[in-house]
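As the structure is a prediction and not an experimental result, all values here were calculated from the model.
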Number of protein chains: 2
Amino acid sequence: MPDHPTQDAMKRTLQAYVDLINAGDAAGVTALFAPDAVIEDPIGSPPRSGEAIAAWFADTVAYQTRITPVAPHRGSHGNEALLVFDVEFAPPGGERLRIRSADACRFDAAGRITSLRAYWGPDDLGPAG
Amino acid sequence: MPDHPTQDAMKRTLQAYVDLINAGDAAGVTALFAPDAVIEDPIGSPPRSGEAIAAWFADTVAYQTRITPVAPHRGSHGNEALLVFDVEFAPPGGERLRIRSADACRFDAAGRITSLRAYWGPDDLGPAG
């Protein structure tokens, strides 16, 4: 097995991540991650791993999250790829929000996501359009 | 001094990087980087630092590089920000090319770029449109 998945395999996983969240499939999106994966969303916040990742995606789906890619997925010459998107969601009891974000992902040889780091800051968050 | 620049300062530096390259100002864009900065462009290629960075941007300008951001710059809750763009350039003796790329940058407290890692893979490179 090569030490990293193909570019196409990584991009297909990024698209599956979008499609599974938009379909409300929390278990499906969680299964895209390796058991030892770490999510830092946003960058600068405490990393999540293990059971916290399943809980994170359960919340994501409960908040009626909808992801819209805004540029073609970017690959690399290694085991990393990038998903650039806008996301809308409704936190409990709040108005619907929009974040301009990007998920920088690293993959293992089996094509599972081992690291997801999300680029969005306080200024990238606002009311949904 | 805070341990990282403001979100606005990082985004202004990303835009300056675009504008200086498009203006052909290799010295100006090199000056956006800290002395110990490292560039990995694309991710998976050997990192460049020191004099190799000045040489890199001299080549960038010589290749008539033009960068077009394709989404608003993304910040973070730390000292990192992301520039998502398409870039066109003419390598020596070759046809004009286009890369769909994104530069993930880390900044020091003074607002200089200390790390730039570019997300683009073989499939993200093609002839200019």
- Does the salt bridge (charged side-chain N to carboxylate O under 4.0 Å, His left out) test come out yes or no for Glu40(B) and Arg117(B), once each step is laid out? CA-CA 5 Å; Glu40(B) 185 182 353; Arg117(B) 302 182 73 241; 3.1 Å; yes
- Item | Ala102(A), part contacting chain B, at a heavy-atom distance under 4.5 Å | both
- Contact winner vs chain A - Pro42(B), Ala118(B), Gly78(B), heavy-atom pairs under 4.5 Å: Pro42(B)
- Would you please classify the geometry between the Phe33(B) ring and the Phe57(B) ring as parallel, tilted or perpendicular, with 30° and 60° separating the classes? tilted
- Could you tell me whether the side chain of Met10(A) reaches within less than 4.5 Å of the side chain of Thr13(A), counting heavy atoms only? no
- Query: Looking at CG of Asp103(A) and CD1 of Ile113(A), how far apart are the two atoms once the value is rounded to the nearest 0.5 Å?
  - Reply: 8.0 Å
- Most contacts with chain A, counted as non-hydrogen pairs under 4.5 angstrom, among Ile99(B), Val84(B), Val70(B), Asp8(B): Val84(B)
- Message: At a 4.5 Å cut-off on heavy atoms, which part of Ala81(A) comes close to chain B: side chain, backbone, both, or neither?
- Response: backbone
- Query: Does some side-chain heavy atom of Pro91(B) sit less than 4.5 Å from a side-chain heavy atom of Leu97(B)?
  - Reply: yes
- Note on the structure: Looking only at Gly44(A), Gly121(A), Ala104(A), Ser45(A), most heavy-atom pairs under 4.5 Å shared with chain B are made by Gly121(A)
- Which atoms of Pro122(B) approach chain A - backbone, side chain, both or neither, heavy atom under 4.5 Å: both
- Note on the structure: Between Asp124(B) and Arg98(B) the two heavy atoms that sit nearest each other are O-NH1, 3.1 Å
- Given a strict heavy-atom distance threshold of 4.5 Å, which part of Asn79(B) is in contact with chain A: side chain, backbone, both, or neither? neither
